[in-house]
Amino acid sequence: MRSNYHQYSSMRVRFAPSPTGALHIGGARTALFNWLLARGQGGEMVLRIEDTDRERSTDANIAQILDALEWLGIDWDEGPLMQTSNEDRHRAVLAELEESGRAYRSHATGDDVRVWKDIHGADRGYRGEAEPDGALRLRVPDEGETVVADAVRGETVFAHKHLDDPVIARADGTPLYNLAVAVDDLDAEITHVVRGEDHLSNTPKQVLVLEALGAPLPIYAHLPLLHGPDGKKLSKRHGAASVQELRDSGYLAEAVVNYMALLGAGYDSEQEIFPVAELQQRFSLSRVSKSPAVFDEKKLRHINGLYLRELDEADLTSRLERFTGRTDLGPAVSISREKIQTLNDFEPLCGFIYDGVTEDPKAFSKVFGKAEAPAALKRAREVLAAVDDSFTEQLIETSLEPLPAEFDVGAGRIFQPIRVALSGTTISPGIFETLALLGKDESLLRIDRMLERLAAEPDGPSA
RNA sequence: GCCGCUAUCGUCUAGGGGACUAGGACGCCGCCCUCUCACGGCGGAAACCGGGGUUCGAAUCCCCGUAGCGGUACCA
């Protein structure tokens with residue numbers, strides 16, 4: 001059974017998405033594993049678009065998949081090949097199979113197959129009679145079994161008596177998936193078929209096609225599926241599920257790659273942050289796990305934060321500017337980088353610097369509900385007004401430092417009022433840095449406005 | 001229903017017969033740091049699905065059960 005494996009000298013893998021929607025994380029991970037394998041082994045990767053489902057395959061979807069792969073940094077050596085462009089070859093193979101008697105025409109429908117099973121029981125797969133026309137079914141031998149050699153699962157045995165003769169072409173002669181895949185992989189001299197586990201049950205059909213053709217078999221590797229937090233197959237309702245959505249959520253491509261590599265594979269018992277080159281080196285099909293993995297956005301966020309803080313400032317700045325559409329972010333980047341995990345976290349943290357004070361009644365009432373807060377803010381205003389016009393972080397800190405003692409309160413009781421005056425909220429970058437960045441005039445202006453508001457509400461915040 | 005795959009902390013995983021009082025990471029809890037939020041540091045709770053074997057010895061091998069998932073299209 002293991003006699004006819006491929007004899008190609010170098011490894012060739014393929015990623016073959018069907019363009020029926022955006023590239024999901026599951027698909028992206030399949031692409032990544034193929035790519036890591038090829039790049040780590042000096043092999044080649046082929047990109048093939050399985051567009052034989054013309055109803056659902058659109059150019060926009062294809063463009064989206066290419067865009068997602070490019071963003072992730074996954075490249076390929078051949079393609080994108082369109083499966084439909086190989087239809088002549090598919091039809092030739094179909095004709096060959098029919099002529100040799102390995103396949104036959106039949107009008108049997110799914111219902112007919114079901115009736116057959118009801119009569120014959122589970123131990124007899126559907127076997128039809130050859131008819132002059134109709135769909136083309138591949139003849140499965142009654143005896144024996146087909147063994148799928150799987151690099152992650154070992155050998156999986158499918159007894160022929162359980163297999164129905166699979167339909168490999170529609171009545172109109174158009175080839176079906178199981179035929180097209182087998183032929184395309186053969187033609188592309190693919191040595192390792194690495195794909196999702198949902199394809200495992202279809203694999204014997206493809207192996208049977210290859211054997212009917214007397215062709216060599218690739219080595220298969222079926223990856224564990226990705227699930228949502230509820231244990232169900234990952235879908236839209238689990239939040240960011242496509243590569244594009246991840247990008248729009250402010251994740252970094254390198255972090256997404258690192259995280260995806262971790263899903264369904266182990267590399268080291270102590271370490272899990274690996275630059276992509278190391279991932280390529282370490283990746284091995286034998287390190288792929290067999291059980292499904294749950295996509296955990298919390299962990300992605302954590303890893304993203306790690307990568308974000310590793311970026312040099314110019315790089316981070318340009319990424320933030322591209323992401324937010326703002327320009328001249330400059331110093332705001334350095335005072336916020338320790339506090340954000342994604343590109344998307346920047347805006348809520350620092351938006352007030354550019355857009356003015358945020359209205360946050362809860363923050364206002366909480367901070368100015370403290371008796372000394374208005375007076376503390378007034379005093380801070382005086383002290384800050386006296387600071388040299390250079391208004392550096394250091395000078396600001398020195399000037400404000402004595403206030404807590406002066407009011408005999410904790411530092412927070414002095415700084416939070418200032419923070420709310422400047423930003424409107426209780427969360428912002430460090431207060432000295434923020435004051436310095438805003439500049440003396442703007443800082444004093446914002447404090448004055450808050451003081452005026454407080455004066456208008458002499459009994460304290462009503463909110 | 002039938003066929004197949006899988007089964008270690010809530011999650012991702014390490015483990016491939018003795019090194020396991022089962023390791024790491026995310027998350028969670030507590031403490032420290034601290035002007036908020038984070039970051040960082042320290043500590044803690046938390047798992048071998050159940051039952052039979054095999055073996056001197058099993059998280060690791062085998063069988064059964066159970067559960068989850070996938071497939072079962074003239075979809076891919």
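Throughout, protein chains are lettered first and strands after them, A, B, ... in sequence-line order, and every chain is numbered starting at 1.
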Query - Distance between P atoms of B/rG16 and B/rC3 (Å, rounded) - result: 34 Å

Query raised in the report: Contact class for A/Ser428 (heavy atom, under 4.0 Å): base, sugar-phosphate, or nothing?
Result: base

Query raised in the report: Using atom P of each nucleotide, how far apart are B/rA45 and B/rA22 to the nearest Å?
Result: 12 Å

Query raised in the report: When all nucleic acid strands are considered with a 4.0 Å heavy-atom cut-off, which category describes A/Thr20: base, sugar-phosphate, or nothing?
Result: nothing

Report task. State the NE2-CZ distance between A/His160 and A/Arg127, to the nearest 0.5 angstrom. Result -> 8.5 Å

Query raised in the report: Where does the chain A footprint on RNA chain B start and end, counting 5' to 3' with a 4.0 Å heavy-atom cut-off?
Result: B/rC2 to B/rA76

Query - A/Ser423 versus A/Arg419, side-chain donor and acceptor atoms under 3.5 Å - result: no

Report task. For A/Arg309, report the nucleic acid contact type (base, sugar-phosphate, nothing); a contact means any heavy atom under 4.0 Å. Result -> sugar-phosphate

Query raised in the report: Between A/Asn344 and A/Gly250, is there a donor-acceptor pair closer than 3.5 Å when you use the side chain of the first and the backbone of the second?
Result: no

**Report entry** A/Arg29 to A/Phe33 six-membered ring, cation-pi geometry met (6.0 Å, 45°)
**Finding:** yes

Requested in this report: Using Watson-Crick or G-U wobble geometry with both distances below 3.5 Å, tell me the partner of B/rC42, or none.
Outcome: B/rG30

**Report entry** Trace of the salt bridge (charged side-chain N to carboxylate O under 4.0 Å, His left out) decision for A/Lys339 with A/Asp345
**Finding:** CA-CA 8 Å; A/Lys339 299 173 182 297; A/Asp345 291 346; over 6 Å; no

Report task. Answer yes or no: is there an ion pair linking A/Arg114 with A/Asp118, defined by an N-O contact shorter than 4.0 Å? Result -> no

Query - Watson-Crick/G-U partner (both atom distances under 3.5 Å) of B/rA73 - result: none

Query - A/Asp408 atom CG: more than 12 heavy-atom contacts under 6.0 Å - result: no

Query raised in the report: Considering only heavy atoms, which members of residues 412-426 of chain A lie under 4.0 Å from some atom of RNA chain B?
Result: A/Gly412, A/Phe415, A/Gln416, A/Arg419, A/Thr426

Report task. Specify whether A/Tyr259 and A/Phe295 have parallel, tilted or perpendicular ring planes, treating 30° as the upper limit for parallel and 60° as the lower limit for perpendicular. Result -> perpendicular

Requested in this report: Could you give the distance separating B/rG27 and B/rC63 at their C1' atoms, to the nearest angstrom?
Outcome: 38 Å

Requested in this report: Please state the C1' separation for the pair B/rU6 and B/rC74 - nearest whole angstrom.
Outcome: 32 Å

**Report entry** Touch class at under 4.0 angstrom, heavy-atom based, for A/Asp198 against every strand present
**Finding:** sugar-phosphate

Query raised in the report: Counting any heavy atom closer than 4.0 Å, what does A/Ala411 reach on the DNA or RNA strands: base, sugar-phosphate only, or nothing?
Result: sugar-phosphate

Requested in this report: List the steps and the verdict of salt bridge (charged side-chain N to carboxylate O under 4.0 Å, His left out) for A/Asp268 and A/Arg282.
Outcome: CA-CA 9 Å; A/Asp268 187 277; A/Arg282 293 191 182 228; 3.3 Å; yes

Query raised in the report: Can you tell me how far C1' in B/rA73 sits from the matching atom in B/rC62, rounded to whole Å?
Result: 38 Å

Query raised in the report: How about A/Ser284 and A/Tyr267: do any of their side-chain heavy atoms sit closer than 4.5 Å?
Result: no

Requested in this report: Give none if B/rC48 has no partner; otherwise give the nucleotide forming a Watson-Crick or G-U wobble pair with it, both distances under 3.5 Å.
Outcome: none

Requested in this report: Tell me what A/Pro17 touches on the nucleic acid: a base, only sugar-phosphate, or nothing, going by heavy atoms under 4.0 Å.
Outcome: nothing

Report task. Report which part of the nucleic acid A/Ser289 touches: base, sugar-phosphate, or nothing (heavy-atom distance under 4.0 Å, all strands). Result -> sugar-phosphate

Query raised in the report: Does anything in residues 254-272 of chain A reach RNA chain B, meaning a heavy atom under 4.0 Å, and if so which residues?
Result: A/Leu262, A/Leu263, A/Gly264, A/Ala265, A/Gly266, A/Ser269, A/Glu270, A/Glu272

Report task. Determine the interatomic distance between C1' on B/rC26 and the same-named atom on B/rA14; round to the nearest Å. Result -> 15 Å

Query raised in the report: With a 4.0 Å cut-off on heavy atoms, is A/Arg124 in touch with a base, just the backbone sugar-phosphate, or nothing at all?
Result: nothing

Query - Earlier contact from the 5' end, RNA chain B, for A/Lys298 and A/Val113 - result: A/Lys298

Query raised in the report: For B/rC61, which nucleotide is its Watson-Crick or G-U wobble mate, given both distances must be under 3.5 Å?
Result: B/rG53

Requested in this report: Could you check whether the rings of A/Tyr126 and A/Trp116 sit parallel, tilted or perpendicular, using 30° and 60° as the cut-offs?
Outcome: perpendicular

Query - Aromatic ring proximity, centroids under 6.0 angstrom, A/Phe415 and A/Phe432 - result: yes

Query raised in the report: What are the two closest non-hydrogen atoms of A/Tyr307 and A/Phe274, and how far apart are they?
Result: OH-O, 3.1 Å

**Report entry** Euclidean distance for C1', B/rG10 against B/rC20 (whole angstrom)
**Finding:** 22 Å

Report task. Quick one: look up who B/rA25 pairs with, Watson-Crick or G-U, both distances under 3.5 Å, and put none if it's unpaired. Result -> B/rU11

Report task. Apply side-chain hydrogen bond (donor to acceptor under 3.5 Å, both in side chains) to A/Thr203 and A/His222, showing your working. Result -> CA-CA 10 Å; A/Thr203 306; A/His222 289 94; 3.2 Å; yes

Query raised in the report: Which value, in whole Å, describes the distance between the P atoms of nucleotides B/rC69 and B/rC12?
Result: 14 Å

Query raised in the report: So what does A/Glu50 touch, heavy atoms closer than 4.0 Å: a base, only the sugar-phosphate, or nothing?
Result: sugar-phosphate

Requested in this report: Look at all strands and tell whether A/His199 reaches a base, only sugar-phosphate, or nothing, counting heavy atoms closer than 4.0 Å.
Outcome: base

Query raised in the report: Watson-Crick or G-U wobble partner for B/rA67, using a 3.5 Å limit on both distances?
Result: B/rU6

Query raised in the report: Within the structure shown, what part of the strands sits under 4.0 Å from A/Ile431 by heavy-atom distance: base, sugar-phosphate, or nothing?
Result: base

